[in-house]
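Reading through the structure tokens given below for one structure.
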Amino acid sequence: MNSIARRLVTVPLIFLLTAIMTLSLPLWLPVSALVGLLVPAARSAPRVLAFLTAYLWCETLGVVTAGWIWLRHGLVPGPGARAAFERANFTLQFWWANALKRSAETLFRLRFDVEGDEVLGGSGVIMLPRHCSFGDTVLPVVFYCLPHGRRLRYVLKKELLFDPCLDIVGNRLPNYFADRSSENTAREVEGIARLLDELPEDQGVLIYPEGTRFSPEKRARILDRLREKGDGVALARAEARPRLLPPRLGGSLGLLAANPGRDLVFFAHTGFENSASFAQLFNGSWLDTQVRLKFWRVPFAEIPDDEDGRRAFLEAQWDRMSDELERLVARG
């Protein structure tokens, strides 16, 4: 589906869902509160529906604002106008992420504890976070970009194009939407590596090494496949990382091979487990949660020069990611 056809479906649908959820609030709020009282597995139902409504409003306002940005900057020729257009879209991205974070923080009484903020200064970095929830996607913007005046170019999965804000604004910014089902892996890796082209000092690149959100079910399927292949080394590594999926190293290695000199920042976090979808929030998995974040930086000079060395280096960093997660969980 091309972008115009897709947006002719997704944009009106978002507007419609926003109107439905808002106008039906007097109905769903008391009903969901009653269900939450009677069904323990749905105890967060009113909070989840309120968060869904907030998300829909973020999408609606984001699409409307994106239209205004296009009228204000997108139709004006010249390099200055192009820079203003990109800057305005980054600002909209920051607002969208921060609004979602504040909505979740208020509705679910989330608390955030950050370790390693001091390593986030300086020029833009290549960031490699853990990924376990749709909720953790806003954390790099909220805790890195906004407080440190940095911008990130994202490697995103192509399926996210069905989110109209990510589709419209994400395609205006220098991001890459990867096709995880593509048989042309080299083309996808090349597209990811191009994010480093003409990279300004205040910008960096973010890639999720796991390639998808963690869940125990996905991890179990991967372990089964490794057993069937007889890959004992990879199986042992995966079994030793109970909270992570094995990194899919193609994109990450492509970035390291093309890296013009940027440091790496790895990003561990806990608190968003068991929330890979909105549906999983109904049981209260986010309520009164302490979200713990840990950043650590690896200087460019410490990254190996050869591919085998970089592969071993990334595996070692993923071992550290696992250790950091266990430590953060033990803190409670």
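One-based numbering along the sequence shown.
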Original post:
Do you see a donor-acceptor pair shorter than 3.5 Å between the side chains of D167 and N171?
Top reply: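 D167 vs N171: donor-acceptor pair found between side chains.
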Of all the heavy-atom pairs spanning [X] and [Y], show the shortest one and how long it is.
X    : Y    : result
N259 : L264 : ND2-CD2, 4.4 Å
V63  : P164 : CG2-CB, 4.0 Å
A84  : H73  : CB-ND1, 3.6 Å
P30  : L25  : CD-O, 4.0 Å
L52  : M21  : CD2-CE, 4.3 Å

Expected output: side-chain [X] to main-chain [Y] donor-acceptor under 3.5 Å:
X    : Y    : value
W95  : G62  : no
R150 : G122 : yes
S182 : N184 : yes
S322 : D319 : no
N175 : G170 : yes
R151 : P200 : no
E188 : D179 : yes

Return the [atom1] to [atom2] distance between [X] and [Y], rounded to the nearest 0.5 Å.
X    : Y    : atom1 : atom2 : value
R243 : E324 : CZ    : CD    : 13.0 Å
L107 : S44  : CG    : OG    : 10.0 Å
L128 : L206 : CG    : CG    : 7.5 Å
N2   : L161 : CG    : CG    : 11.5 Å
W296 : M321 : CH2   : CE    : 4.0 Å
D136 : E273 : CG    : CD    : 9.0 Å

[X] with [Y], same ILVMFWY side-chain cluster at under 4.5 Å:
X    : Y    : result
F300 : L199 : yes
L293 : L146 : yes
W68  : L61  : yes
V9   : F177 : no
L120 : V114 : yes

Subject >> Ring centres under 6.0 angstrom apart (F272, W286) >> reply: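 So the answer is yes for these two rings.
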**OP:** State yes or no: are the ring centers of F143 and F112 separated by less than 6.0 Å?
**Re:**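 Ring centres of F112 and F143 closer than 6.0 Å.
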**OP:** Assess whether salt bridge (Lys or Arg N to Asp or Glu O under 4.0 Å) is satisfied between E190 and R194, documenting all intermediate values.
**Re:** CA-CA 6 Å; E190 181 182 351; R194 280 200 303 269; 3.4 Å; yes
**OP:** Quickly, which of Y154, Y208, F267 forms a ring pair (Phe, Tyr, Trp, His ring centres under 6.0 Å) with H131? Name it, please.
**Re:**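 Going through Y154, Y208, F267 one by one, the ring pair (Phe, Tyr, Trp, His ring centres under 6.0 Å) with H131 is satisfied by Y208 alone.
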[X] atom [atom1], neighbour heavy-atom count above 12 within 6.0 Å:
X    : atom1 : result
D305 : CG    : no
W28  : CH2   : yes
L38  : CG    : yes
R102 : CZ    : no
K218 : NZ    : yes
R227 : CZ    : yes

**OP:** Take T270 and R130 through the side-chain contact (heavy atoms from CB on, under 4.5 Å) test and state the conclusion after the steps.
**Re:** CA-CA 9 Å; T270 61; R130 174 215 194 176; 4.3 Å; yes
Original post:
Hey, is R219 close enough to E210 for a salt bridge, meaning N to O under 4.0 Å?
Top reply: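 So R219 does not pair with E210 through a salt bridge.
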**OP:** Output yes when R311 and E315 qualify as a salt bridge under the 4.0 Å nitrogen-oxygen rule, no when they do not.
**Re:**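 E315 and R311: not salt-bridged.
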Kindly indicate whether the side chain of [X], heavy atoms from C-beta on, has any atom under 4.5 Å from the side chain of [Y].
X    : Y    : result
R310 : I303 : yes
P209 : L249 : no
I207 : L195 : no
R225 : D231 : no
F266 : K294 : no

Original post:
Given T91 and F94, is the side-chain contact (heavy atoms from CB on, under 4.5 Å) satisfied, shown in steps?
Top reply: CA-CA 5 Å; T91 300; F94 294 171; 5.5 Å; no
**OP:** Please lay out, stage by stage, how V169 and W96 fare under the test side-chain contact (heavy atoms from CB on, under 4.5 Å).
**Re:** CA-CA 11 Å; V169 179; W96 183 87; over 6 Å; no
Subject >> Residue pair Q203, F90: steps toward the side-chain contact (heavy atoms from CB on, under 4.5 Å) verdict >> reply: CA-CA 11 Å; Q203 290 189 27; F90 267 118; 4.0 Å; yes
